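Order of the sequence lines fixes the chain letters, A, B, ..., with proteins taken first and strands second; residue numbering starts at 1 for each chain. Given the structure is predicted, the values throughout are model-derived calculations rather than measurements.
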Amino acid sequence: MSQTISVRHDERTTDLPDGSTAIQALKALEAVRGQVVAARVDGAAWDLDRPVPDGAEVEPIYADTDEGRAILRHSTAHLMAQAVTDLFPGAKWAIGPPIEDGFYYDFDVERPFTAEDLEAIEARMHELARERQAFVREEVSHDDALAEFADQPYKREIIALVDDGRIVSEVDVAADAGDGDAAPTFTVYRNVRVGGDGSVEVAWSDLCRGPHVPSTERIPAFKLLRSGGAYWRGREDQPMLQRIYGTAWESRKQLTAHLEMLEEARKRDHRRVGRDLGLLHQPEELGPGLSIFLPNGALVRKQMEDWIRDETLARGYLPVYTPHIAKEDLWQRSGHLENYAELMYPGMEVEGASYRLKPMNCPFHIMAYTSRTRSYRELPIRISELGTVYRYERSGVVNGLLRARGFTQDDSHIFCRDDQVVDEVVACIEFARDLYRAFGLGEPSRVAVSTRPEVKAIGTPEQWARAEKALEEAAARSGYDYEVDEGEGAFYGPKIDIHARDAIGREWQLTTIQVDFNLPERFDLSYVGEDGAKHRPFMVHRALFGSIERFFAVMVESFNGAFPTWLAPEQVRVVPVAADFLDYAEEVGATLRAQGVRVHVDASDDTLGAKIRDAQTSKIPYTLVVGGAEAEAGTVAIRPYRGDQRKDVGLATFVAEVTEEIAARRTEPHG
RNA sequence: GCUGGAGUAGCUCAGUCGGUAGAGCAAUCGCCUCGUAAGCGAUAGGUCAGGGGUUCGAGUCCCCUCUCCAGCUCCA
């Protein structure tokens, strides 16, 4: 055993007494440049107060990085669990990982938490934080871990799962594998009170892999957000626990900014904005998950639909229209009754036959394909439709337009040869990219390849492997970094899902592209090849908006109802300063209308201020104020929803500007 | 589907101890005719989500159902 150890950071090395901790090493190496919460030692996350081995490469983990925040949040989860244990004696605790923007911890308690409980827990957390409790890491044996958590059944279950080599979640498993064949070592983190006289008292302990911040006072800003039920290990056959969500940040400023973002998101809710701006109506009379697009909403939607119709035609897709229902036999043959029945509305008996509302459009597009013999010369055949489908979603999941029971997909099915699949999928990804750009969403935030589900998958493993390979190849060729979501594919084939972020940073799953080798077989699809023989085509399903309704909701929330001019239901509002100038206002309106601009002349007898306010709160891109001066000179005073007013602009100039902005489908206001 | 919370005018909300329903905005009508975010006045608007129960009496207390919200699960 040597008296000194050597540590290094970047190119520097230094010697320290044996037993030196990570923070001592970092300081000795002058490697600390900010608020450090933990270290990285030879690539592994490491507590600052944990001794480092000889020869270690040591790096700081800062609080203002994703990794640093995750550690901070994980520690905050422990703090919360300690507070819950204090306030709810007998509470059993399950797991408490960091998540995007926060953390949660699941508890088994006598009754669900109330809002008042959360306030009390948060208050207790602040008290505990002020006690400056140290997080102390301790390695314990398997048996000691079992004994220590004898009255914590969920912790014991985690230990058992580790024993079995099954991992619940990377974040929470406390075992340190890597000791070869030795029994796993478990780590326990103890929250320790240090008295003024140097006495120590263990306040709370949890089985946890860590690392943690050194002390509770190093948690600068946190807030509990909500509570709700959550199944143990996420499985419906398991007991329901009570989960508390919270958020924690490296500074009060960051916390405040995050809370403001949440409030902004709440205010932007498409159900609220949709009602305020007359876009949507969801009367109870229709039933859950069903919506009316009011005229303002319908005009926005029409622009979306026009865009996708024009683009699909331009890219060689062939339009079809298909019915909303079909005989049950069709759904039998497609496999939907076998694999998708729980999401389908029940049958309607008519003239001795049972009909079903369609949950998907594929069988209809297949009927379009099989309407006559197909030649290899025709492929790929891209059948396209805005197809409205109905899915009997479980009652708890329905959510406005984001999760509806009736919705419309910009659905296409591409029938192609084996050697065309990758090209077609790449073209779909590029199409989706163009769509996101056109609608102001920027670049995709996430591209994920979903593979064969463990349950409910049809087709052979070889077919799946081939289709998954094609999708991965296409994803790679598209140039985006992609992830693989194991087991998340559709029952008939693997898929690529594309996500995008909206104006306030939230991520949405929109586009889906799926390769299907199954339906072509079920429907015995074929084309005549160059060799005169029959061949089986592949099928690519794809919906770029995903659902028009969901994408519409994302548009509403991303733009907060203030649509770019080309999408806005009312593009220009003409406001006469007084009734005397109504004639000129009508003339301005007629001029714009003649150019296809959606314009409304405010002929009410409200005051000018009230009319301006109405136009502003309606988020109309341009308000034109006209009075004597404008009528005299043939000009308008322009008040854009965003940006500065411009007076004495010639009417012809404004018409030219606004029509150009609309034609170019700009997502940023002109000028 | 599961756990919890909530439903009062078109919207946002008040309604005390169980005593018979209220405001602002919106709407309608009238006055005002206005130069850049709310002029003034009047009128109308309710099966208090629906059903049942307790009570002399229920928006209020109890039960059931529906719908919505949050979370889980699921998903475009």
Exercise. Should the pair Arg309(A)-Asp410(A) be classified as a salt bridge under the 4.0 Å nitrogen-to-oxygen rule?
Worked result: no

For this session: Assess Lys358(A) against Tyr390(A): is NZ or CZ under 6.0 Å from the centre of the six-membered ring, and within 45 degrees of the ring's axis?
Result: no

For this session: Would you verify whether the NZ or CZ of Arg301(A) falls within 45 degrees of the ring axis of Phe552(A) while also being under 6.0 Å from that six-membered ring's centre?
Result: no

Is there a Watson-Crick or G-U wobble partner for [N] with both distances under 3.5 Å, and if so, which one is it?
N	answer
C31(B)	G39(B)
C68(B)	G5(B)
C48(B)	none
G24(B)	C11(B)
U60(B)	none
G18(B)	none

For this session: Answer yes if the side chains of Glu468(A) and Thr451(A) hold a donor-acceptor pair under 3.5 Å, and no otherwise.
Result: no

For this session: Using distance alone, with no hydrogens and no angle criterion, decide if Glu385(A) and Thr322(A) have a side-chain donor and acceptor under 3.5 Å apart.
Result: yes

Exercise. So, does Asp502(A) use its side chain to make a donor-acceptor pair with the main chain of Arg506(A) at under 3.5 Å?
Worked result: yes

Problem set entry | Any donor-acceptor pair under 3.5 Å from Arg73(A) side chain to Ala248(A) backbone | yes

Could you tell me whether [X] contacts a base, only the sugar-phosphate backbone, or nothing, with contacts defined as non-hydrogen atoms closer than 4.0 Å?
X	result
Gln242(A)	sugar-phosphate
Leu241(A)	nothing
Ala615(A)	nothing

Exercise. Using the ring of each side chain (for Trp, its six-membered ring), is Phe431(A) parallel, tilted or perpendicular to Trp307(A), with breaks at 30° and 60°?
Worked result: tilted

Using the [atom1] atoms only, state how far [M] lies from [N], rounded to an integer number of Å.
N	M	atom1	answer
A21(B)	A58(B)	P	12 Å
G46(B)	G10(B)	P	8 Å
C69(B)	C29(B)	C1'	39 Å
C13(B)	C17(B)	P	22 Å
C74(B)	A6(B)	C1'	24 Å
A49(B)	G59(B)	P	10 Å
G1(B)	U65(B)	P	11 Å
C62(B)	A70(B)	C1'	26 Å

Seminar exercise, completed: By nearest-nucleotide position on RNA chain B, the 5'-leaning member of Arg391(A) and Pro112(A) is Pro112(A)

Is the closest side-chain heavy-atom distance between [X] and [Y] below 4.5 Å?
X	Y	answer
Gln514(A)	Thr512(A)	yes
Thr635(A)	Leu651(A)	no
Lys611(A)	Ser604(A)	yes

Exercise. How close do Ile414(A) and Arg542(A) get, heavy atom to heavy atom, and via which atoms?
Worked result: CD1-CG, 4.3 Å

In whole Å, what is the span from the [atom1] atom of [X] to the [atom2] atom of [N]?
X	N	atom1	atom2	result
Asp602(A)	A38(B)	CG	P	15 Å
Leu435(A)	A76(B)	CG	P	17 Å
Glu116(A)	G4(B)	CD	C1'	13 Å
Gln509(A)	C75(B)	CD	P	10 Å

Seminar exercise, completed: Going 5' to 3' through nucleotides 31-37 of chain B and flagging B where a protein heavy-atom sits under 4.0 Å of the base, S where only the sugar-phosphate is that close, and - otherwise, we get -BBBBBB

Seminar exercise, completed: Quick tally for nucleotides 60-72 of chain B: nucleotides whose base has a protein heavy atom under 4.0 Å get B, sugar-phosphate-only ones S, the rest -, giving -------SSSSBB

Exercise. If you take atom types as modelled and just measure distance, does the side chain of Gln514(A) reach the base of A76(B) with a donor-acceptor pair under 3.5 Å?
Worked result: no

For this session: Check the pair Phe107(A) / Phe88(A) against ring-ring contact (aromatic ring centres under 6.0 Å, His included), numbers first and verdict last.
Result: CA-CA 10 Å; Phe107(A) 303 97; Phe88(A) 299 85; 8.6 Å; no

For this session: Strictly below 4.0 Å, heavy-atom distances to any atom of RNA chain B: list the hits from residues 494-506 of chain A, or just say none.
Result: Lys495(A)

